Q: 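Below: one structure in structure tokens.
Since we're looking at a predicted model, the values are computed, not measured. The sequence lines fix the lettering, A, B, ..., with proteins before strands; numbering per chain opens at 1.
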Number of protein chains: 4
Amino acid sequence: MTKRDENAKTTRRKLLDAADQLIVERGYENVFVEDITTASGVAKGTFYNYFPKKEDIIGELEREHFSQLNAQINEISDELTPAANISAYLANFMQITAAAGVERARGWIRFVAVPNSPDDKWTYDFGKVSELLTQLIQHGQLEKETPVEMIAQVLSMQLYGVIFSWVMNKSIDPQKAIQNFCATLVEPLIQPYITAV
Amino acid sequence: MTKRDENAKTTRRKLLDAADQLIVERGYENVFVEDITTASGVAKGTFYNYFPKKEDIIGELEREHFSQLNAQINEISDELTPAANISAYLANFMQITAAAGVERARGWIRFVAVPNSPDDKWTYDFGKVSELLTQLIQHGQLEKETPVEMIAQVLSMQLYGVIFSWVMNKSIDPQKAIQNFCATLVEPLIQPYITAV
Amino acid sequence: MTKRDENAKTTRRKLLDAADQLIVERGYENVFVEDITTASGVAKGTFYNYFPKKEDIIGELEREHFSQLNAQINEISDELTPAANISAYLANFMQITAAAGVERARGWIRFVAVPNSPDDKWTYDFGKVSELLTQLIQHGQLEKETPVEMIAQVLSMQLYGVIFSWVMNKSIDPQKAIQNFCATLVEPLIQPYITAV
Amino acid sequence: MTKRDENAKTTRRKLLDAADQLIVERGYENVFVEDITTASGVAKGTFYNYFPKKEDIIGELEREHFSQLNAQINEISDELTPAANISAYLANFMQITAAAGVERARGWIRFVAVPNSPDDKWTYDFGKVSELLTQLIQHGQLEKETPVEMIAQVLSMQLYGVIFSWVMNKSIDPQKAIQNFCATLVEPLIQPYITAV
DNA sequence: GATGAATGAGCGTTCATTCAT
DNA sequence: GATGAATGAACGCTCATTCAT
């Protein structure tokens, strides 16, 4: 990589980091392009060399953040019960989300809750949970007849419900909330489909 | 009520209705004060005779809308099981929400997901569900030791999760989703606290 | 007219006058909305109460200017020869144009020479000349078989050619140029169609 | 010519051709330096190795284009009448102009109709016509007393008037218009100065 | 000479809010 | 109370030009 490319990459990173930071602090609509460039130490116009529209940086930021969730491998452990595997996944998901901070969550929500939202995060997260369940079936922990879609929907909705509630009311602890859900309802939810040993 | 008061009330109503309509059509940020007054057939300045700030009309609209939910009396039926009572409440809540349309739901979400959201809808809805559970206890359907808060939280979060998922993905049917949840998880959730008959 | 209407009219006039003045001085693209409002002593936003887009004021200015030409009644004099009548019209047209100044002419040209020019000044001016010729026919000065369109075209084109040449080369005197044309070519142009006395 | 010189020449040509093409398509103000370089397959900065200012490429383009008109040798034919010689010149001029297309003509006009237009096309074209007339005098077709300047002015203005009218109203056929002028007015214009044979 | 990232002055436009009528 | 003209802070975005690589 040439020096030039490095510089460009650095500039891009600076913009992304500054935007991320500012959005967490103030919320997307209260961060202006000039704020971002000033914080990045570059000229206003430079922003547009990397992001054609202001909102494009949000998309990228979102993508970056989700990439952490993407990286979360569905490590199925045969040592654990299926309920424990699912709970581990949900807890991990929420741990990453909580670590990002409530402002970022708020940003996601507002970003997603626009007409014609550019990305379908729902589809993505729902797909990941479905995949987890499918793997549990492959591992022989759940029956083949398991209604994957129905269960994945309930789980995904609870995840979103927790996050959304947290955004509305900061005093909620999203990790505790999901633990609570796991402790009481994951087992009953999949109970009928657990393979007999 | 004098003629003047009546006129004023009418104007206020017209503004509210127009705003409601427009927001459903275009989403809150794409509706401007002038749009509302034009649609209402009044002058721009008139708006400010009724609502000091633009966002105030949103608050009022939200309040009006929720008043329908407010009106929903927790009619506990002793004929029904506690799970059926809860399910009836959730189904009713979602029925009213679905009837309002996905755009209105989107509006609420975006309205709520701002820093320092003016109203704590979460607290309100959570309180209503808690109240329902309390009544079930009073009716002797649930044990006095029932962890009201924990259960109310799970239920509320699921409600919000369904709504949020619906906003993200219109093809989801929120009423079916909540029915699904009711059918599988309400019973297990309260099972330990159902009073022996 | 209420005081309010008067004020509004005054504001509109101020904007138009300031724009007109500035455009003559600097040319359209070098005049910015803020220049116009500053010169008018009003706020920047006020401009947009009257002209949705910056370019709209140009259209209006153009229209105002042309209205002078519009007002020019084709006063046919039976005392004059048809050639003299035509020459009088052309001279009058050019006199008004010259009085407006070369910068304004330049502005018209640039305004008109855009893709999809909003107004068809050509059609208008050509129509006026055609009308003049038609009246000469009605007054019995020209034969009924006079090829009105052809002659009107030649005359209109010469008018435009003079103006355009003037814009390109300020040292040209448009009035002399049109007089020159009149003196040499109007007579031959219509000669074949002059009614025998 | 070294390889390097050749490459440079090629690059220059590519820039000129791309600019020419784009300007015809969109009009000068809607073509940006980056469009030109992209279309040429070179880097943005390369443009400035060849043209210090954006407008310089226009000047060059115009010059190139006019060079076709320049090349048009005033081939006086002794076999033709002076009116026919002049008409041939005008028709040829307009043929070349029409072939270039109305968008290019529009571009010239807008380019020329700026304050301090860089080139004096008028002077040039006027000079060419004057030269033609002078040659007719030298060939003995016109009297020595012929008012060259006056006639050249009328002819040039008609040429420009036709072009400008065409730009304003695409449905005009510039070649027919000039033919029309030639058929009716060239003869009368020079009649007094034709040498007796 | 070629490259393309960086620059930043500049401009049009928006829209909630005010206030004289 | 109704009106709607006036306000002006804000902001997104453009694009010719520069210059380090």
Side-chain angles (χ1 to χ4, degrees), chain A residues 2-12 29-37 40-55, chain B residues 2-5 7-8 11-12 29-38 41-56, chain C residues 2-12 29-37 40-55, chain D residues 2-5 7-8 11-12 29-38 41-56:
Chain A
T2 71
K3 180 149 181 206
R4 240 175 149 167
D5 287 341
E6 265 179 54
N7 286 342
K9 211 175 168 184
T10 303
T11 300
R12 187 187 190 81
E29 16 274 320
N30 300 318
V31 175
F32 312 117
V33 172
E34 196 153 10
D35 295 332
I36 298 171
T37 54
S40 304
V42 300
K44 199 173 177 180
T46 300
F47 182 91
Y48 292 92
N49 288 343
Y50 295 94
F51 310 101
K53 302 270 169 202
K54 181 192 170 188
E55 63 170 32
Chain B
T2 68
K3 183 85 179 286
R4 192 166 189 160
D5 285 344
N7 285 342
T11 302
R12 185 185 190 80
E29 17 274 322
N30 301 316
V31 176
F32 312 118
V33 172
E34 191 152 13
D35 294 331
I36 298 171
T37 55
T38 300
V42 302
K44 198 172 175 180
T46 300
F47 182 91
Y48 291 90
N49 291 339
Y50 296 93
F51 309 97
K53 299 270 169 203
K54 181 191 171 189
E55 64 170 30
D56 292 341
Chain C
T2 70
K3 178 148 183 208
R4 238 178 151 169
D5 287 342
E6 266 178 55
N7 287 343
K9 211 175 167 183
T10 303
T11 300
R12 186 187 190 81
E29 16 273 323
N30 301 316
V31 176
F32 313 117
V33 171
E34 195 153 11
D35 295 332
I36 298 171
T37 55
S40 304
V42 301
K44 198 172 178 181
T46 300
F47 182 91
Y48 292 91
N49 288 344
Y50 295 93
F51 310 99
K53 301 272 167 201
K54 181 193 170 189
E55 63 170 33
Chain D
T2 68
K3 185 83 180 285
R4 193 163 189 165
D5 284 346
N7 285 343
T11 301
R12 187 186 189 79
E29 18 273 322
N30 299 318
V31 176
F32 312 118
V33 171
E34 191 153 11
D35 295 331
I36 298 171
T37 54
T38 300
V42 301
K44 198 173 177 181
T46 301
F47 182 91
Y48 291 89
N49 290 339
Y50 295 94
F51 309 99
K53 300 269 170 203
K54 181 192 172 190
E55 63 172 28
D56 292 343

Q: Assign each of A:A8 and D:A8 to its nearest nucleotide of DNA chain E by heavy atoms, then name whichever residue's nucleotide is nearer the 5' end.
A: D:A8
Q: When the distance from CG of C:N30 to C1' of E:dC11 is rounded to whole Å, what number comes out?
A: 13 Å
Q: Can you tell me the distance, in whole Å, between the CD1 atom of B:I36 and the P atom of F:dA2?
A: 16 Å
Q: Specify the separation, in whole Å, of atom CZ of A:R12 and atom C1' of E:dA6.
A: 15 Å
Q: Counting any heavy atom closer than 4.0 Å, what does D:Y50 reach on the DNA or RNA strands: base, sugar-phosphate only, or nothing?
A: sugar-phosphate
Q: Between F:dA6 atom C1' and C:F51 atom CZ, what is the distance in whole Å?
A: 15 Å
Q: Mind calculating the distance between CG (A:D35) and C1' (F:dG12) to the nearest angstrom?
A: 12 Å
Q: Counting Watson-Crick and G-U wobble pairs with both distances under 3.5 Å, what is the dot-bracket string for DNA chain F, 5' to 3', using [ ] for crossing pairs and | for pairs to another strand?
A: .||||||||||||||||||||
Q: Could you tell me whether the phosphate oxygens of F:dG1, OP1 or OP2, come under 4.0 Å of any side-chain nitrogen or oxygen in B:T11?
A: no
Q: Heavy atoms under 4.0 Å is the rule here; annotate nucleotides 15-21 of chain E 5' to 3' with B where the base is hit, S where only the sugar-phosphate is, and - elsewhere.
A: SBBB-BB
Q: Which pairs would a plain distance check flag for residues 40-53 of chain C, meaning a side-chain donor or acceptor within less than 3.5 Å of a matching protein atom at least two apart in sequence or in another chain?
A:
unit_1	atom_1	unit_2	atom_2	d
C:S40	OG	C:K14	O	3.3
C:S40	OG	C:I36	O	2.7
C:K44	NZ	C:E34	OE1	3.4
C:T46	OG1	C:A43	O	3.4
C:Y50	OH	C:A8	O	3.4

Q: Please list, chain by chain and in numerical order, all residues satisfying salt bridge (charged side-chain N to carboxylate O under 4.0 Å, His left out) with C:D35, sequence neighbours excluded.
A: C:R26
